[in-house]
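Working notes, structure below.
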Amino acid sequence: MKHDSDVIIAGGGLNGPALALALAQAGLTVTVVDAAPARARAEDAFDGRAYALAIASQKLLAAVGVWPAVAGHAQKMMEVKASDGRPGEGAAPFFLHFDSRELDQSPVGYMLEDRFLYRAFLDAMQAAPGITLIAETQVVAQAPGPGGIAVTLSDGRVLGARLLVGADGRRSGVAERAGITREGWGYGQTALVAAIDHALPHNGIAHQFFMPTGPLAILPLPGNRSSIVWSETDENARTIAALSDADFLAVLRPRFGDFLGEISLAGPRFSYPLNLTLARAYAAPRVALIGDAAHGVHPIAGQGLNLGLRDVAALAETLVEAGRRGEDIGALDVLERYQGWRRFDSTSLALGMDSVNKLFSNDNPLLRAGRDLGMGIVQALGPLRRGFMRQAAGLGGPQPRLLQGRPL
Ligand SMILES: Cc1cc2nc3c(=O)[nH]c(=O)nc-3n(C[C@H](O)[C@H](O)[C@H](O)COP(=O)(O)OP(=O)(O)OC[C@H]3O[C@@H](n4cnc5c(N)ncnc54)[C@H](O)[C@@H]3O)c2cc1C
């Protein structure tokens with residue numbers, strides 16, 4: 001089969017571009033096909049979406065060369081405080097407190113707006129000689145064979161490659177066409193996302209308030225601004241989303257509390273219905289899945305993109321090493337090495353976040369007592385807390401080279 005490039009990536013969101021850059025740096029040729037127009041998310045207006053990046057993710061961004069373009073827009077997260085709460089009661093005493101000074105590395109992580117990260121990826125891909133970007137085009141069919149995979153695009157073109165990577169999000173067509181089934185469930189919750197301006201400085205502190213109807217995360221952005229991810233039951237979220245900005249703030253205020261002073265909306269509001277979706281396999285003949293295509297998780301701990309970037313690092317390292325040994329990078333045994341590296345980690349983290357959400361999203365007095373005790377114990381035990389912090393920072397377990405900031 002003729003290969004137009006070594007790898008075709010379906011999906012130019014965030015994980016697809018990160019993988020393309022890592023592979024191109026190591027000398028592979030890559031075609032990225034994205035259904036959306038290339039500039040749609042690179043406009044200047046703030047659209048409210050921002051990511052909590054673990055230190056390991058920041059190291060990957062540095063290793064693939066995009067960190068210098070976004071560093072000036074990133075907000076250091078110095079502390080994370082988690083507490084149980086009820087609307088109107090104000091912030092409860094902090095049950096869990098992660099402080100960057102307890103890790104040998106500071107800060108705990110970074111907050112970065114989607115528009116800056118997306119634009120940096122786009123610019124870097126356009127400048128990379130080994131990457132071809134095809135926007136506003138969908139991957140519609142795929143046919144794996146012994147010599148490669150034929151990929152059909154919505155404009156009728158058929159491209160050949162050794163491997164097709166599905167980075168096409170939670171409803172991955174690549175996975176479906178490869179016969180990879182999914183498991184998961186809805187949370188009956190919707191996340192309301194917005195940027196909030198406040199009178200007082202946040203001092204780089206992120207807050208997670210566990211409310212009976214769902215968690216509220218307040219995450220620091222540059223200046224006196226924070227991003228909120230406010231999970232509510234679907235019904236409540238529908239009602240709140242339909243409110244005017246002034247009424248929205250009136251409902252938010254008792255949950256948000258007054259520790260940051262007067263609050264106002266800094267831009268438009270967004271709603272994301274929340275569900276868990278896990279692919280039953282990350283590899284099939286000449287196909288690999290990364291990011292949300294492999295695992296769509298609850299945003300409770302802000303780990304979705306971090307998990308995806310761990311896939312990127314592991315898949316890039318697996319493919320580059322296989323190529324150097326003269327192996328076929330689309331061969332199933334090579335792809336199963338990647339799957340073995342990543343699937344357990346993602347599934348356990350996804351189910352862990354699922355349990356935390358279920359444990360906290362209710363007002364049962366027995367559960368409240370139990371979880372407060374559990375959090376109190378973690379808080380009291382320094383080594384356990386530091387263990388959690390290392391995991392959340394992406395510093396636990398065997399690390400692919402890119403997550404250590406090293407080239408492939
Ligand atoms: C409310 C909310 C808050 C979040 N907060 C955080 C956070 O703080 N930290 C964090 O780490 N993560 C967070 N996440 C998760 C994070 O947004 C996702 O994990 C991440 O965006 C997934 O990126 P992706 O590239 O895998 O998929 P996507 O961003 O979904 O990109 C998929 C791409 O594939 C393209 N596509 C789809 N079908 C096709 C096709 N047939 N052909 C070609 N292209 C196709 C689409 O156009 C799209 O560009 C949050 C998520 C939500 C919902």
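These values consider heavy atoms only, across backbone and side chains, with no hydrogens, waters or symmetry-generated copies. Whatever order the structure lists ligands and atoms in, that order sets their numbers, starting from 1.
Counting only N and O atoms by type, the side chains of R182 and T277 include a donor and acceptor under 3.5 Å apart.
Of the N or O atoms in V139, one or more lie within a sub-3.5 Å distance of an N or O in ligand 1.
Taking every heavy atom of A50 and a limit of under 4.0 angstrom, the matching atoms of ligand 1 come to 8 (O). Atom numbering of ligand 1 starts at 1 in the shown order; those under 4.0 Å from a heavy atom of V193 are 1 (C). Every atom of ligand 1 is numbered from 1 in the order shown, and the set under 4.0 Å from a heavy atom of L14 is 21 (O), 25 (O). Listed by number with element, the atoms of ligand 1 under 4.0 angstrom from any heavy atom of G13 are 25 (O), 31 (O), 33 (C), 49 (O). Residue A36 has at least one heavy-atom neighbour below 4.0 Å for each of these atoms of ligand 1: 47 (O). For ligand 1, the atoms lying closer than 4.0 Å to a non-hydrogen atom of Y272 are 1 (C), 53 (C). Residue G291 has at least one heavy-atom neighbour below 4.0 Å for each of these atoms of ligand 1: 26 (O). Interface of T137 with ligand 1, defined as ligand atoms under 4.0 Å from a residue heavy atom, comprises 43 (C).
Contacts with ligand 1 closer than 4.0 Å are made by backbone heavy atoms (N, CA, C, O) of A167 only, the side chain lying farther away. In Q303, the part holding a heavy atom less than 4.0 Å from any atom of ligand 1 is the backbone.
Ring geometry, H198 versus H202: the interplanar angle exceeds 60°, so the pair is classed perpendicular (tilted spans 30 to 60°).
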